[in-house]
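This structure is a prediction, so every number in the text was calculated from the model and none was measured. The figures that follow rest on heavy atoms only: side chains count, while hydrogens, waters and symmetry mates do not.
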Amino acid sequence: MQYLALLISKERELTPDERAEGMAAYQSFHAKAASAIRAGDALLPSATGARITGGPKAPTVTDGPFAEAAEIACGYYVFEADNLDDALALARDIPAAQNGAIEVRPIFHTFDSQWTKRSQAQWLALLLEPPANVNTPGTPEWEAEAARHGEFAGAAGDHIVGGAALHEPATATTVRVRDGEVLLTDGPFAESAEIATGVYLLSAADRDEAVKLASMIPASGVEVRQLAGVSGL
């Protein structure tokens with residue numbers, strides 16, 4: 001089964017020594033978890049991103065950074081794991097778990113990552129909904145939502161590089177590591193008023209095109225962020 005691990009942390013400027021130390025920590029993690037990693041990348045600072053609300057019919061674009069969030073998404077992984085316990089074991093070894101949090105959610109179906117159009121910038125579109133709007137996979141409401149995403153896929157065409165829908169928020173587990181102790185919390189990231197329901201990986205020539213594509217996604221909110229373009233994170 002596949003799991004999305006969303007890395008969440010406070011956003012701050014790192015010193016050169018901190019950056020080098022962090023890169024070494026992620027290289028060590030990748031060497032250990034390589035067989036389970038299906039995709040992953042760091043996200044560029046939120047100041048370079050945008051948030052779209054209002055849905056495709058009346059989109060409103062707000063430029064980053066997103067001051068209302070104390071901690072924000074800073075990267076992601078897709079893991080292949082036999083079960084949730086194995087996925088959580090991977091998540092607790094992610095360096096970001098030491099100071100931030102890792103939200104682990106099972107993916108509905110299989111993560112589709114063609115990784116085409118490598119010459120163009122890659123963008124992550126994180127789909128967000130208020131908890132009351134989140135539908136359970138397999139229900140008629142979810143099927144109707146999936147049909148709208150099918151229409152988006154038809155319109156966006158090759159600009160969609162990959163994507164995945166997530167299981168309901170109750171399936172989420174948040175992982176933190178503090179002073180060597182692993183802390184697990186059931187449910188989605190507690191400080192957020194919105195719940196992630198899925199992700200798209202988008203291929204776009206520039207930020208304007210990425211925002212235009214994200215504005216077409218049928219979701220209450222979409223946070224579009226540029227990938228750092230590194231292997232893993």
Side-chain angles (χ1 to χ4, degrees), residues 1-9 25-43 71-115 122-129 131 134-139 142 145-146 149 160-177 182-192 194-202 219 222-223 225 227-228 230-233:
M1 189 170 183
Q2 292 185 343
Y3 296 83
L4 177 73
L6 189 64
L7 283 58
I8 302 167
S9 69
Y26 276 102
Q27 289 173 343
S28 177
F29 170 68
H30 294 159
K32 180 179 179 180
S35 63
I37 298 173
R38 295 293 174 266
D41 210 328
L43 302 178
E71 296 182 300
I72 65 169
C74 64
Y76 80 100
Y77 284 108
V78 174
F79 292 135
E80 188 80 41
D82 290 337
N83 51 56
L84 177 60
D85 287 342
D86 287 350
L88 295 177
L90 290 163
R92 72 188 182 201
D93 288 337
I94 299 173
Q98 298 288 332
N99 300 303
I102 315 296
E103 183 179 309
V104 179
R105 295 269 295 282
I107 289 174
F108 192 77
H109 294 315
T110 301
F111 183 81
D112 179 19
S113 181
Q114 299 295 324
W115 291 107
Q122 301 293 333
W123 301 78
L124 178 77
L126 183 64
L127 282 56
L128 301 168
E129 295 288 347
V134 177
N135 296 315
T136 301
T139 63
W142 192 89
E145 184 180 359
H149 282 278
I160 298 178
V161 176
L166 303 177
H167 279 276
E168 59 269 29
T171 65
T173 303
T174 301
V175 181
R176 298 175 179 84
V177 179
V182 179
L183 307 175
L184 302 179
T185 305
D186 292 334
F189 194 58
E191 295 181 13
S192 177
E194 296 173 309
I195 304 298
T197 59
V199 295
Y200 281 108
L201 293 175
L202 303 175
V222 179
E223 186 174 314
R225 301 274 298 282
L227 302 182
V230 296
S231 176
L233 281 157

Given the rule in the side chain to side chain contact (heavy atoms under 4.5 Å, CB included) test, do Val78 and Ile37 qualify, once you have shown the distances and angles that lead to the verdict?
CA-CA 6 Å; Val78 174; Ile37 298 173; over 6 Å; no
Next item on the list: Starting from the C-alpha separation in whole Å, work towards a yes-or-no answer on side chain to side chain contact (heavy atoms under 4.5 Å, CB included) for Trp123 and Val161.
Entry: CA-CA 9 Å; Trp123 301 78; Val161 176; over 6 Å; no
Item to complete: Could you please spell out the steps behind the side chain to side chain contact (heavy atoms under 4.5 Å, CB included) verdict for Ile72 and Arg225?
Response: CA-CA 11 Å; Ile72 65 169; Arg225 301 274 298 282; 4.0 Å; yes
**Residue pair Ile107, Leu166: steps toward the side chain to side chain contact (heavy atoms under 4.5 Å, CB included) verdict** = CA-CA 5 Å; Ile107 289 174; Leu166 303 177; 4.0 Å; yes
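Here the CZ-CG distance, from Arg176 to Asn99, works out to 12.0 Å after rounding to the nearest 0.5 Å. Rounded to the nearest 0.5 Å, atoms OG1 (Thr174) and CG (Leu184) are 9.0 Å apart. With rounding to the nearest 0.5 Å, the separation of CD in Glu103 from CD1 in Ile8 is 5.0 Å.
The shortest heavy-atom contact between Pro106 and Met1 is CB-CE, 3.3 Å. Nearest heavy-atom pair, Trp142 versus Ala165, reported as atom, atom and distance to 0.1 Å: CZ2-CB, 4.0 Å.
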What donor-acceptor contacts under 3.5 angstrom involve side-chain atoms of residues 81-95, with partners at least two apart or in another chain?
residue : atom : partner : partner atom : Å
Asn83   : OD1  : Asp85   : N            : 3.2
Asn83   : OD1  : Asp86   : N            : 2.9
Asp93   : OD2  : Lys32   : NZ           : 2.9

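The shortest side-chain heavy-atom distance between Leu183 and Val175 does not fall under the 4.5 Å cut-off. Considering only heavy atoms from C-beta on, Asp186 comes within 4.5 Å of Thr173 through its side chain. Side-chain atoms of Tyr76 and Leu227, non-hydrogen and from C-beta on, do get closer than 4.5 Å to each other. Residues Arg105 and Ile195 are in side-chain contact: their nearest non-hydrogen atoms beyond the backbone lie under 4.5 Å apart.
Under the rule for a side-chain hydrogen bond (donor to acceptor under 3.5 Å, both in side chains), the partners of His149 that lie at least two apart in sequence or sit in another chain are Tyr200. For Tyr3, the side-chain hydrogen bond (donor to acceptor under 3.5 Å, both in side chains) test picks out no residue, with sequence neighbours left out. Evaluation of the salt bridge (Lys or Arg N to Asp or Glu O under 4.0 Å) rule for Glu145 yields no partner, not counting sequence neighbours. The side-chain hydrogen bond (donor to acceptor under 3.5 Å, both in side chains) test applied to Glu168 returns no partner, not counting sequence neighbours. With sequence neighbours excluded, the residues satisfying side chain to side chain contact (heavy atoms under 4.5 Å, CB included) with Glu80 are Gln2, Arg38.
Below 30°, between 30° and 60°, or above 60°: for Tyr26 and Phe29 the angle between ring planes is above 60°, a perpendicular geometry.
Exactly one of Leu124, Leu127, Val222, Leu6 qualifies for a side chain to side chain contact (heavy atoms under 4.5 Å, CB included) with Val199. That residue is Leu124.
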